[in-house]
Novice: 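Below are the structure tokens for one structure; questions will follow.
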Amino acid sequence: MDRHSPKDTLLTAAECASRIGISVKALRVYEAQGLLAPLRTEKNWRLYGAEDIARLNEIMFLKQLGLSLSEIAKLLSGQTTDVSRLLEMQETLQNNRLEQAERSLRLICSLRAKCGSGDRLSMDDLLDLAKEVQMSETADEFAWKRYVQARPRTKKEPDSGELEDCAGEYRFDDGSVLRITTARDRLRVQLLGQPACDLFCEEADHYFLKVTPAQIVFSRNKAGDIDGLVLHQGGYETKALRCETGAYDKAERELDERIKAKTPFPGSEQLLRKVIEDHRKGQPDYDSMSPVLRSLAQEQIPTVMRELERLGAVGSIEFRGIGVDGFDIYIVDFENGRLEWGLAQAKDGTLTGLYLRPTP
DNA sequence: CTTCTGACA
DNA sequence: TGTCAGTA
């Protein structure tokens with residue numbers, strides 16, 4: 001079957017290379033690595049069509065994230081390029097870089113001002129600076145992990161007995177519990193306060209969700225028994241260890257009691273005030289957040305700052321109750337309006353969830 | 001004059 | 001990846 005419609009322009013290797021700004025050699029190397037498969041003329045000349053250029057975009061995107069050609073080959077094998085998925089990743093990557101650059105620039109400017117006025121930089125200043133540099137280095141890693149996580153997957157029949165092996169309860173470092181159950185021919189995953197989701201097998205011990213780009217990879221001990229799992233979601237990899245059965249039910253009962261008794265997390269109102277003021281200043285305490293929330297908060301900060309500026313000072317805060325997902329819900333009155341805020345904390349006090357929305 | 005492959009840096 | 005040789 002012809003992959004190209006008649007009106008598609010086909011480019012020779014030289015044209016293709018010069019229009020993109022790479023070398024013909026590079027094109028040949030990509031092809032040798034199995035990344036590209038352009039058409040050929042009778043004389044065996046390469047012809048690049050739109051699909052090949054799309055693939056080339058994908059290759060160059062992954063390359064700029066620091067992946068080697070062989071890693072890219074593994075990632076792309078058997079997949080055809082999904083341009084809209086690629087564009088979405090490009091957009092979030094560049095937005096992240098933009099925000100990262102602005103953060104770095106703000107810090108650098110303030111430190112330069114300090115230097116210029118003759119002050120010596122403090123230990124904290126230098127540590128902050130180093131951390132900032134480190135963050136901009138690792139930021140790209142999230143981008144390709146997210147890309148890998150968003151990759152389309154095809155399901156396969158799991159080996160017999162594997163589903164039963166995986167079923168059980170698992171606890172994350174922050175204390176939250178995840179339950180894996182078998183249902184007919186598949187696994188289901190349940191996180192407290194959230195609806196159960198079907199899991200689909202991709203390969204042995206590797207499962208994926210269809211409702212959201214996320215995967216669960218089970219790990220086995222030397223005896224071959226499942227002893228934990230890693231949740232891949234939102235660019236993050238979070239590990240959980242198998243725990244005693246009943247932990248999930250216990251956590252569920254505790255949550256039910258909290259909901260009935262309307263008991264907020266200890267000190268959560270005070271925490272909310274601090275969170276709001278930190279956001280107003282544009283300096284949320286990222287260290288007290290879970291990694292997933294941290295990246296969300298970093299993406300949202302410009303929007304939230306604008307909103308808080310519009311709303312003005314905080315007036316009264318009223319506790320509304322506990323949501324089914326365990327969030328403490330507050331109605332916050334500001335000078336110029338009111339908002340519903342929700343926040344969730346892990347047992348160790350880490351902020352794991354945060355949202356704000358107009359009051360219904 | 002150009003591309004292609006394969007070798008070597 | 002760049003470059004070079006020997007072809008088609």
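The structure presented is a predicted model; accordingly, all values stated were derived computationally and were not measured. In the text below, chain A, chain B and the rest are named by the order of the sequence lines, each starting its count at 1.
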Novice: Want to settle it: does A/W45 or A/L69 sit nearer the 5' end of DNA chain C, counting the closest nucleotide to each?
Specialist: A/L69

Novice: Kindly say whether the aromatic ring centers of A/F200 and A/Y207 come within a distance under 6.0 Å.
Specialist: no

Novice: Can you tell whether the side chains of A/K131 and A/D287 come within less than 4.0 Å, N to carboxylate O?
Specialist: yes

Novice: Within this structure, what is the CG-to-P distance between A/L11 and B/dT3, rounded to whole angstrom?
Specialist: 13 Å

Novice: CD of A/E15 versus C1' of B/dT2: gap in Å, rounded?
Specialist: 12 Å

Novice: Rounding to a whole Å, what distance do you find between A/R46:CZ and B/dT2:P?
Specialist: 16 Å

Novice: So A/R28, base contact, sugar-phosphate only, or nothing? Heavy-atom distance under 4.0 Å.
Specialist: base

Novice: Whole angstrom is fine here: how far is it from CG in A/L47 over to P in B/dT2?
Specialist: 17 Å

Novice: As a test of reading the structure: which of C/dT1, C/dG2, B/dC4 is closest to the side chain of A/V24, going by heavy atoms?
Specialist: B/dC4

Novice: Does B/dT2 have OP1 or OP2 sitting under 4.0 Å from an N or O in the side chain of A/T12?
Specialist: no

Novice: Output the rounded distance in Å from CD1 (A/I20) to P (C/dT1).
Specialist: 12 Å

Novice: Applying a 3.5 Å limit to both distances, which nucleotide forms a Watson-Crick or G-U wobble pair with B/dT2?
Specialist: C/dA8

Novice: Please report the distance, rounded to the nearest Å, between OH in A/Y30 and C1' in C/dG2.
Specialist: 13 Å

Novice: Salt-bridge test for A/E318 and A/R320: reply yes if a basic N is under 4.0 Å from a carboxylate O, no otherwise.
Specialist: yes

Novice: May I have the step-by-step check of salt bridge (charged side-chain N to carboxylate O under 4.0 Å, His left out) for A/K250 and A/E254, ending in yes or no?
Specialist: CA-CA 6 Å; A/K250 183 164 174 270; A/E254 285 172 4; 3.6 Å; yes

Novice: Between P on C/dA8 and CG on A/N44, what's the gap in Å once rounded to a whole number?
Specialist: 13 Å

Novice: Salt bridge check: are A/K281 and A/E309 linked by an N-O gap of less than 4.0 Å?
Specialist: no

Novice: When you match A/K25 and A/A14 each to their closest nucleotide on DNA chain B, which lands nearer the 5' end?
Specialist: A/A14

Novice: Nearest-Å distance, CD (A/E31) to C1' (C/dT1)?
Specialist: 16 Å

Novice: So, does A/K43 get its side chain near the phosphate of B/dT5, meaning an N or O under 4.0 Å from OP1 or OP2?
Specialist: no

